[in-house]
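Step one of this worksheet: look at the structure below.
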Amino acid sequence: AQGDAGQGASAGNKGNLIGVSLYTNQVARFNFEEKKMKEVAAQNGDSVISNFANNNLETQLSQIQSMFQRGIKVLVLNQINSKAFAPIVSQAQQRGIKVIAYDEDVAGANVDYVVQRDNVEMGAVQAQSVIDHLPAGRVAKVAIIRGDPSTPAMVQMSESYDKLIGNNPKIEVVYDNTTPGWDQAAAQRNAEAALQKEPNIDAFLVMWDNGAQAVAQALKATGKQAGTVWSTGSDGSPASLAYIAQGWQGQTTWTAVDKQATNAMTIAHAFASGSEPPTPDSKTQAGVPVLHTPLSSVTKDNLCEFLTKSAPTGWVKQEQVFGSEGASTCGQ
Amino acid sequence: MDNDQPVAGAVPSVDGRATALLVARSLTKVYGSTTVLNDVDLTLHEGQVLAVVGENGAGKSTLVKILSGVVPYGEYAGTVEVDGNPAQFSSPYASDTAGVVMVPQELHVVPHLTIAENMFAAHLPGRHGLYDERAAVREARKALETFGLEVDPRAPAAVLTPSERRLIVLAAALHRSARVLILDEPTAALTEAEAGVLLDRLRSFRKAGVGIIYITHRLDELKRVADDVMVLRNGRLVAGYDSVPRQAELVSAMLGETLRSIEAIAHVAPTKPASGDPALRVRNLSVFVNDKQQRPRVLDVSLDVYPGEIVGLYGLVGAGRTELGRALFGAWPGPVTGECHIGGTQGLPKNTNRALKRGLSLLVEDRKSQGVFHGQSVSSNMTVSMLDDLSRMRLLVDKPRERHRVDEFVQKLGVRPPRTRIAIDALSGGNQQKVLLGRCLIDDLKVLILDEPTLGVDVGARRDIYQLVRKIARELEVGVLLISSDVDEVLTEADRILVMYKCRIRGEFSRGASAHDLMSAATGASMP
Amino acid sequence: MTLQESSRKVPQTADDHDAPRAAGRAYSRVVAALLSRSTVLTAAALVLILYFQQVSGGLFLTSTNASLLLRQTAVVAVVAAGMAMLIIMGEIDLSVGSAAFFTGLVVAHFQVQGWGVVPSIGAGVVAGIVLGLVNGLVITRFAVPAFIVTLAGFLLWRGLGLLLAKATPIGPVSNDLIFVTEGRMPIPLVYGLGLAVLAVGARWAIAGRRGAERAGSLVALIVRLTVSVAIAVLVIVIGQTPTGLPNALLWILGVAMVLGGVLGRAKLGRRIFLLGSNAEAAVYAGINAKRTVLIGFLVMGAIYGIAGTMLTARAGVASPDAGNTLELVAIAAAVIGGTSLRGGVGSIRGAILGAFLLATMDNGMSLLGVPTYSQNVVKAIILVLAVALDGYFRRRQLAK
Amino acid sequence: MTLQESSRKVPQTADDHDAPRAAGRAYSRVVAALLSRSTVLTAAALVLILYFQQVSGGLFLTSTNASLLLRQTAVVAVVAAGMAMLIIMGEIDLSVGSAAFFTGLVVAHFQVQGWGVVPSIGAGVVAGIVLGLVNGLVITRFAVPAFIVTLAGFLLWRGLGLLLAKATPIGPVSNDLIFVTEGRMPIPLVYGLGLAVLAVGARWAIAGRRGAERAGSLVALIVRLTVSVAIAVLVIVIGQTPTGLPNALLWILGVAMVLGGVLGRAKLGRRIFLLGSNAEAAVYAGINAKRTVLIGFLVMGAIYGIAGTMLTARAGVASPDAGNTLELVAIAAAVIGGTSLRGGVGSIRGAILGAFLLATMDNGMSLLGVPTYSQNVVKAIILVLAVALDGYFRRRQLAK
Ligand SMILES: Nc1ncnc2c1ncn2[C@@H]1O[C@H](COP(=O)(O)OP(=O)(O)OP(=O)(O)O)[C@@H](O)[C@H]1O
Ligand SMILES: Nc1ncnc2c1ncn2[C@@H]1O[C@H](COP(=O)(O)OP(=O)(O)OP(=O)(O)O)[C@@H](O)[C@H]1O
Ligand SMILES: O[C@@H]1[C@@H](O)[C@H](O)OC[C@H]1O
Ligand SMILES: [Mg+2]
Ligand SMILES: [Mg+2]
């Protein structure tokens, strides 16, 4: 590698240049995290160059290689496909760039730090919330709607689903299907097919909020009452929070994305300026430090608490959840 | 200008025909570095028929394309006025609105739309934006009566032959109340009888005060229809007459040659006696339409064409000659029965490729849709059927050889301009026809079927084509089947004439038969 | 490509939105009906339906699933109708998925702001027409091919929409808006619809009778009347079940009638066919090509608005992935329905049937819980089979 | 759409893979060169490059970035070349992204099994040819339009691949395979390439000289020689920098030369242009349309294999999303490069330039960290502008 760092410097960047590569901009949380990272980096005196990869491996690789050109010192990598990124991680490291795996580790590589949401745990939180809301005294009918099987998040969440729900004697799985591209319309078709097969479903175990919204709509269409069928989701999307307030969705699993973004930038700053990164809360088998992002289950019960305390500013407004007249339902 | 004759329309006409309907001044059109229309003036009065003649590529179509907005305002120099007001047509839509209606030289009929829709395209009857099919059918019937065409206006135009297609377009244009009617070679694909009807109609239009611009290569028509004649050559107005001059005088103006040299061209082709084995031998051939009803198009036809012989195949529209040609060429999609020998080998070609391999080629009747590869060069249009012979290792096109062959043809056929790399669309209609004829001249040619080969070809070029066909026949010992609706053409060019009527051959004549004989056979009047 | 193929075009006339009528003049009416693309598609759909019914243990042919199928088809059907119109005139629209996402966002935005259903939809349709206008103007003024302009729109409208919405779903929208497609059709409307079916059926039967010169036309009359009555009865019966018929059906029918009417009966429609068949001929004939294309894209703009409304009403939110690949599915539906990508040939009815065929496959396989990837494999094979069979029968008929 | 447009086609003849030469006889050579689509594209790319260079503070025009750009362009360029060929002959291929994914999977599979580079690639290419054969056979035997067949392939090949791979990435592949596109071109090859550029350039210059009847041809000779020498020097200089030139360039050049040669010099290529320009006339001229189409899809099949290899080599694994939207990008590149979707018009060179233009935009904007939404907006506008400007100049010239 010929003097990339020098080139970066000659480009006249102030502070440390941090590359942030996120795999999609069609998911709200990543847009939020990108903004958050830029804020935090600015506070640290760093600057960020960021790209979204349009759900495409090839695009993401190219974008990262362009970041090398720009002379980044740290790469925050939210990869589309954990198995495909080992080579680019080692390329980065050969150039002296530190790599922080973001949201998920990279298989086959030893990154310098992992800042992650534990998808296995997320699956468990969702499955547990379903188990907690089963009708008493009979075998419950549960439908499972999974995300795109070609994505690692789906695989890891499924791990917990299969463990907690698959062999559960109190549960009969009446429908179980995947959703290519995490597509909401396809999820809605799945939900509708499930209800067509078995109108008396007790709960929907759903991996993500867009899917849960699709379930809500399917429930409405079959004339169900709000609050009668439990469903799960993830990401705390405002529309889902509104459905939770109305009883059309049971829970959403919140990842503290603001913390995750902040962690990544703090570690990046430490790497770039040669100081000690924050203490990890665990290490991988290979000894890579890991900082986990806290997960929490948001339901109708703790909705106000979430809105007023846990949710970062800018994520959601109360009127998005309670309607234009409900701006102060939970107080300020 | 090399000519001091009075220019048509440049001076107000003697009989004081009232207002000038259409005035064009110093029209000039340049394509790339070629000036195809050079400083042409024109005045058209109410009730005047102005004929425009000139050889292929003289600029006739270009002139009327400007007048009708096909070449839009801004893409030519000079001015056009209608009723004394400047007219700046950006499209035929605009000219049409101003009452200037043109029927273009090339056919623009959409086969899968109905006949009525094709006829009225931009002027469909109906109110509130709705199409009134019944009114359209009524109007269409009325318009078609002109030519006595008995077709169902609701049928797709696909059922029409090329000449019928031309007729419906003409009928539609005549039916509209145009103030200026421009006809670009309307009679090229028509029979004598149909042409006669058209000319009669034009006379009645003239009485009604319509101004008519009439382009033709059939000079004998001028006497019957034209008031004034203008002659274009190489984009310039070289002569103008306020009456129809002698044909010979016109021809010399068109070609820029002296009368003497033209008269010397008149020829009598020596008859080639039929001898040896026929190049093409057909026995009991029948051709059927590819549908449930299996309507026959050709029934029980037997004929022989000997090497070096030109056999004329005359008949009226719909007689089945084109189908016969297509079937022999392996290009008929429906059932064909009967026997056929080409150069001694037996069997009907399964497809056009086989036909060509066996030495039989066909010059198609419908140049635009079946012949020309639009947007492709003159050269590749010409060599497409002989690529196998012009390639190295049966893989790569041998470009030097191709160039050589094309240059030779271009010269032999007199293609103008003699440029081979420009797109064929840049050639005038007649010159495109020469290119397609060149395509037919494959190596080892044994049988050449020409379907209306001189459609839209000027006198000079027509002469060239006849000479060439004769040369091909005689020197290369090729048997030629000349399908034509032009009585004079078959009478002068064919060694022997077959006449088709309603799917069958109804007469055989030797050279020297009279036009009357042919006509009566072609109309079923005399059965052999 | 070959002579046989080019001659295949012949029976597919401009009146193909009413194929039996046009072809009937040339061939025997009954055979034509057997051969029309619509019939083959309907037959393919029927076979699929029976299969799904069998394998799902009777779940497929229920009134609830019928309602579901209609709701699942609606957006694709509406967009496919517009797409067929554009393809027939020789244009194409790759931006429709993104544009519908954008208008759906507009509708959801105003819903969340507390606007009523009608003004929200109005805003969506206006937004759609504006996008259509932009497409149309760039195509006609700057003479950039529609493929390029709408490819740009594909990137542009979704990009803008995601930017405005910050990629988060906007909603949920009011139940009133949801009712617009998902709701159960009110009983008076059901009766109205039943009567309309009868009226149209009667016209159809009489038209067959009047135009027929051959024997069998009495049979045709009876068959047609029976079919119409059967459909009317079905409409009324299903409309009264607890699930009823969904309002989505009204949108499909509305768009089909308007566009089918335009293509079949309006002068504009004739111009569209002529322009798509042979642009040069159209211009020579004095058709204002630019204006026709512009109008076509304005109509498509209105469809953006309608489709966006329907996407949002169906999902209950405006989701960032709404309308993804809609352009492709719509083109597929139109082409399966007999629209030729070379222009000049096609029908609204075919496009809508194509949409139904695609939706039936999705619905049936979801019902059976067929794994996603196998779904795609099955879908692909059925697509090719349907179109190949259609072509086969058509050729066989011509060859006989 | 309008007469103007159809007349625009005129100067682009079958010999147009060498557009300046073909048009040169009709118009002044210099003006023609100024007008050719290739020149407009090159100019657009140059403007972009200078802009990126300026704004990125000199990062864009570095040898490392040049190498990156070439590697990023390669797959799209190769596929766009094949797509241009198919579109010119009046066909289309929507399955190419999925097919390349599939063949990439095959390559990765055998790599993981421990096969060497050559047999793995061979297996991929064979798989590709089989897929191409299937496409071609269904299209020609069952007369199903290519759009439908390849739309089915779009679903099918990816569906099958995902089933086989269980939707997980297959890999990592060996460094040797990665080297095949990502690797640095060996110095001897660099020199060879430089010499080849000189040779081709000399032929080009001489051809210009020979064909010219006008003044200025000496100027043209000198300009052409200078350009060729400059490129050759550039190749050799960049090839010797530490980053060097990527092997990906060889694939682009190889495919361009083969396909360009076929279209420009082979009988097959001539038939492809003619078939695409008028299928009916092609039949009368003795062209075996079915065979030509079949061969076209077989060639495309080989390109599937090459593209799959390149995808896998570039990513180091066969990823389940590999080749997503490749068909769309390739069609866009071909169309931007002057290929008409109506058939009969286009060039390999244009398609590859189109691919470069698209890749340049992606690369430059990623380098600048332009926000993704704005990237799409910018890309959309530049696309339309490039094509609009090209059309504008062309029309202006014709009008003069
Ligand atoms: N689009 C074009 N580009 C370049 N040259 C053209 C174009 N169209 C016509 N020309 C040239 O203009 C000249 C005049 O053509 P035009 O069609 O007006 O001739 P014409 O008198 O109608 O001939 P014909 O009797 O054969 O129909 C010809 O030399 C032709 O090659
Ligand atoms: N593809 C087709 N399907 C059905 N009928 C056809 C088809 N092609 C031609 N016909 C019919 O065949 C009949 C005879 O054809 P055609 O007129 O070309 O013969 P012709 O003797 O060569 O006449 P012309 O003088 O017009 O060349 C026409 O009436 C037409 O309706
Ligand atoms: O919404 C998220 C989905 O898009 C992602 O891919 O995986 C998990 C979800 O939380
Ligand atoms: Mg002319
Ligand atoms: Mg004929």
Side-chain angles (χ1 to χ4, degrees), chain B residues 30-34 65 69-72 74-76 91-92 326 329-331 351-357 361-362 364 366-381 383-388 390-391 394-397 399 402 419-426 436 439 442, chain D residues 2-4 6-16 18 21-29 31-32 207 211 214 261-262 264-271 273-291 340 342-346 395-400:
Chain B
V30 179
Y31 281 113
S33 53
T34 331
K65 279 181 185 167
V70 174
V71 171
E75 296 194 359
Y76 59 85
S91 66
R326 283 178 66 184
F329 187 53
N351 55 42
T352 57
N353 196 6
R354 295 273 181 82
L356 288 163
K357 287 242 161 71
S361 61
L362 168 79
V364 293
D366 185 351
R367 181 167 67 219
K368 197 173 170 70
S369 66
Q370 300 168 342
V372 166
F373 291 105
H374 299 278
Q376 309 300 326
S377 69
V378 169
S379 167
S380 48
N381 262 284
T383 57
V384 51
S385 296
M386 51 196 92
L387 281 181
D388 284 335
L390 292 177
S391 59
R394 302 188 48 79
L395 202 66
L396 296 183
V397 178
K399 291 213 170 166
E402 181 187 31
R419 291 191 186 154
T420 58
R421 294 187 161 271
I422 56 172
I424 191 167
D425 310 60
L436 297 191
R439 182 190 296 170
I442 51 176
Chain D
T2 64
L3 278 185
Q4 282 90 318
S6 64
S7 65
R8 279 172 57 198
K9 278 194 184 172
V10 171
Q12 288 188 309
T13 69
D15 307 64
D16 204 37
D18 202 345
R21 197 164 51 131
R25 301 248 159 64
Y27 311 108
S28 138
R29 202 164 283 279
V31 177
R214 287 178 196 74
V262 166
R265 306 191 179 280
K267 238 165 38 177
L268 174 66
R270 188 62 71 75
R271 293 193 175 130
F273 272 100
L274 297 175
L275 185 60
S277 132
N278 186 345
E280 199 185 349
V283 173
Y284 281 98
I287 292 177
N288 189 335
K290 290 192 177 185
R291 212 179 63 187
S340 155
R342 302 215 152 211
V345 177
R395 274 195 307 283
R396 235 175 67 122
Q397 163 64 5
L398 280 178
K400 258 200 302 212

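So that the names make sense, note that chain A is the first sequence line, chain B the second, and so on, each numbered from 1.
Between the side chain of B/Thr352 and the backbone N or O of D/Val283 there is at least one donor-acceptor pair closer than 3.5 Å.
The minimum heavy-atom distance linking D/Ala281 with B/Val372 is given by the pair CB-O, 4.2 Å. Across D/Ala285 and B/Arg439, no two heavy atoms sit closer than the pair CB-NH1, 4.1 Å.
The greatest number of non-hydrogen atom pairs below 4.5 Å with chain D, out of B/Arg354, B/Gln370, B/Lys357, is found for B/Gln370.
Once rounded to the nearest 0.5 Å, the distance linking CZ of D/Arg291 with CG of B/Asn353 reads 7.0 Å. Atom CZ in B/Phe329 sits 9.0 Å away from atom OH in D/Tyr284 (nearest 0.5 Å). Note that CG of B/Leu395 is 7.0 Å distant from NZ of D/Lys267, once rounded to the nearest 0.5 Å.
With a threshold of 4.5 angstrom between heavy atoms, B/Arg394 approaches chain D through its backbone and through its side chain. For B/Val364, the part lying under 4.5 angstrom from a heavy atom of chain D is the side chain only. With a 4.5 angstrom heavy-atom cutoff, B/Leu356 touches chain D only via side-chain atoms. With a 4.5 angstrom heavy-atom cutoff, B/Thr383 touches chain D only via side-chain atoms. Proximity to chain D (any heavy atom under 4.5 Å) is restricted, for B/Lys368, to the backbone atoms N, CA, C and O.
A heavy-atom distance below 4.5 Å is not found between the side chains of D/Glu280 and B/Asp366.
Of the charged side-chain nitrogens involved, none lies within less than 4.0 Å of a carboxylate oxygen, so that D/Arg270 and B/Asp388 do not count as a salt-bridged pair.
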